[in-house]
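Order of the sequence lines sets the chain letters (A, B, ...), proteins ahead of strands, with each chain counted from 1. Quick caveat, the model's predicted, so the values are computed rather than measured.
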Number of protein chains: 2
Amino acid sequence: MAYGYKIGSIPLTTVQRFASYLPALRDMQRQGRSVVSSASLAEMLRLEAIQVRKDFGYLGITGRPKTGFQVDDLIGAMEHGLSWNRVSDAILVGTGHLGTALLNYRGFGYHGLAIKAAFDIAPDRVGALINGVQVQHLDEMKPFMDAKMAILTVSPESAQEVALRLVRAGITGIWNFTGRTLLLPEPIVVQDQDIAIGLAVLSAKLTARAREAIEAESKPPA
Amino acid sequence: MAYGYKIGSIPLTTVQRFASYLPALRDMQRQGRSVVSSASLAEMLRLEAIQVRKDFGYLGITGRPKTGFQVDDLIGAMEHGLSWNRVSDAILVGTGHLGTALLNYRGFGYHGLAIKAAFDIAPDRVGALINGVQVQHLDEMKPFMDAKMAILTVSPESAQEVALRLVRAGITGIWNFTGRTLLLPEPIVVQDQDIAIGLAVLSAKLTARAREAIEAESKPPA
DNA sequence: ACAGTATCGATACCTTTTTATCGATACCAT
DNA sequence: ATGGTATCGATAAAAAGGTATCGATACTGT
């Protein structure tokens with residue numbers, strides 16, 4: 001096997017879906033709804049009911065026929081199972097537009113993330129206050145900071161170098177937006193996030209759809 | 001089957017990898033390198049050589065033993081097969097931090113995207129110039145614009161409403177950053193991009209790794 | 001209480017995706 | 001030329017992930 005398909009014993013795809021169930025469930029919780037059926041959640045998220053049930057199976061949560069699943073149970077199990085309950089601190093390096101956007105993003109709270117510090121090297125950025133976080137100079141980054149996760153939003157050119165500094169500062173997980181593949185010692189977990197991929201897929205889908213339409217037209221309906 | 005696994009006859013996962021091969025190959029091309037082996041590309045992107053070869057198989061590109069694949073051929077085949085060569089226009093709605101970050105992002109060119117117009121409703125944003133694009137009021141959005149793709153970076157609250165306006169304006173593909181599931185007529189292609197998922201996965205991986213470490217410690221090495 | 005029904009959960013099945021194997025081919029060094 | 005070797009490509013096996021089926025269960029209304 002190449003590398004981590006699974007997270008613990010849970011399929012990666014399931015974990016990803018957990019991440020989208022969670023906000024939906026939190027909304028329900030807030031609205032006072034205490035139970036939800038796999039079918040209704042599936043419809044909400046454009047999935048299949050059976051897939052939702054199977055996913056929940058991994059959590060060990062069991063529903064009740066005719067009623068559904070307890071919203072609280074589901075949230076609890078997801079948060080506990082994936083440590084989205086304990087708020088883990090993260091730091092962010094690179095306060096360009098993307099970095100700033102992430103510092104201002106409100107959705108991370110669902111997954112227990114709080115960005116506690118931000119770093120940059122540009123003199124005109126150091127000292128700025130972004131969404132309550134003061135930008136510090138990269139040189140200020142100290143190994144004793146207790147964040148274990150870092151968000152890397154620097155330029156591709158400096159990606160590798162900054163990543164190594166992060167590792168030296170005790171970071172064990174890097175969320176990499178730079179588009180460069182980072183070469184780091186084994187135990188570091190790197191999550192690559194190439195924003196352009198989503199677009200590329202959309203564009204490819206549109207092309208495929210357009211082609212299908214043309215083909216469908218050339219041969220008259222059966 | 002639920003819905004689109006495949007794009008044309010190419011697996012979705014393969015298309016995603018294409019999107020990351022492409023910049024790497026373009027770099028090589030720029031550096032004058034004309035051939036590349038599946039093994040070296042795989043190492044560069046942390047994949048398996050065989051997977052790279054299989055992906056290339058979908059393109060109909062054939063390599064040569066002992067040498068590898070022609071970089072130009074690969075680039076050409078990917079761009080042509082997925083229409084990343086023809087530049088397609090897109091519009092962006094919602095010029096908050098994320099929208100601004102995307103307007104400033106330089107990686108879209110690899111996939112043939114040009115953001116031609118930006119819209120918002122906030123009076124203090126309308127009229128601003130972001131990376132050469134003038135922000136217009138949403139009401140200015142006209143059905144006759146020839147962009148078929150839209151990037152949706154508005155607040156979750158207004159997501160559905162704005163999406164409907166986009167469809168009425170002739171948009172057929174929406175790249176949805178709002179985190180809300182959009183309910184739209186069938187032929188519209190929606191690509192959901194929940195930025196928090198990447199983080200959630202990273203956090204879950206770190207947790208899993210930590211647990212593994214603990215388990216490995218409790219039972220001494222075999 | 002009882003029938004009717006919505007919903008779950010276990011099992012089995014099927015599809016998609018990844019990985020392994022291995023013969024064939026083209027380059028390189030001698 | 002010839003042998004050695006890196007690399008490909010076809011085929012097949014394995015793994016992962018998704019879907020269907022269907023009996024079991026608990027709520028609802030009479």
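- Atom NZ of A:K66 and atom P of D:dC27 are 10 Å apart (whole Å).
- The separation between B:I50 atom CD1 and D:dA15 atom P is 14 Å, rounded to whole Å.
- Between B:S38 and the phosphate of D:dT7, there is no side-chain N or O to OP1/OP2 separation shorter than 4.0 Å.
- The interatomic distance linking B:R53 (CZ) with C:dC22 (C1') rounds to 11 Å, in whole Å.
- Atom CG of A:D192 sits about 8.0 Å away from atom CG of A:D194, to the nearest 0.5 Å.
- Between A:T67 and A:D55, the residue whose closest nucleotide on DNA chain D is further toward the 5' end is A:D55.
- What separates CZ of B:F56 from P of D:dT7 is a distance of 14 Å, to the nearest Å.
- The distance from the OH atom of B:Y58 to the NZ atom of B:K6 is 6.0 Å, given to the nearest 0.5 Å.
- Across C:dT18, D:dA26, D:dG9, the shortest atom-to-atom separation from the side chain of A:R64 is found for D:dA26.
- Looking only at side-chain heavy atoms (C-beta outward), A:S38 and A:F56 stay at 4.5 Å or farther from each other.
- Distances shown here put every side-chain N or O of B:R17 at or beyond 4.0 Å from the OP1 or OP2 atom of C:dT17.
- Remark: side-chain polar atoms of B:T153 are not paired, donor with acceptor, to backbone N or O of B:L92 under 3.5 angstrom.
- If A:P65 and A:I10 are placed on DNA chain D by their nearest nucleotide, the residue sitting closer to the 5' end is A:I10.
- In this entry the distance linking CG of A:L47 with P of D:dA20 reads 14 Å, nearest Å.
- Comparing C:dT25, C:dG9, C:dT19 by their closest approach to the side chain of B:K54 singles out C:dT19.
- No N or O donor and acceptor, one from the side chain of B:K6 and one from the base of C:dT16, sit under 3.5 Å apart.
- The interatomic distance linking A:L74 (CG) with C:dC8 (P) rounds to 10 Å, in whole Å.
- Direction of the helix axis in the helix from C:dA1-D:dT30 to C:dT30-D:dA1 shifts by 30° between the two five-pair termini, rounded to 10°.
- Across all strands shown, B:T14 has no heavy atoms under 4.0 Å from either base or sugar-phosphate atoms.
- Between A:H97 and B:H97 there is no side-chain heavy-atom pair separated by less than 4.5 Å.
- Within 6.0 Å of CD on A:Q16 lie more than 12 heavy atoms contributed by other residues, nucleotides or ligands.
- For the OP1/OP2 pair of C:dA6 and a distance below 4.0 Å, the side-chain nitrogens and oxygens of A:S37 include no atom meeting the criterion.
- Every pair passing ring pair (Phe, Tyr, Trp, His ring centres under 6.0 Å) that includes a residue from residues 157-190 of chain A is listed here, sequence neighbours excluded: A:F108-A:W175, A:W175-A:F177.
- Between A:M78 atom CE and A:L25 atom CG the span is 5.0 Å, to the nearest 0.5 Å.
- Considering only side-chain N and O atoms, A:T62 lies under 4.0 angstrom from the phosphate OP1 or OP2 of C:dG9.
- Atom CD in B:E43 sits about 11 Å away from atom P in D:dT7, given to the nearest Å.
- Here C:dT18 presents its C1' atom at 15 Å from CG of B:L12, a figure rounded to the nearest Å.
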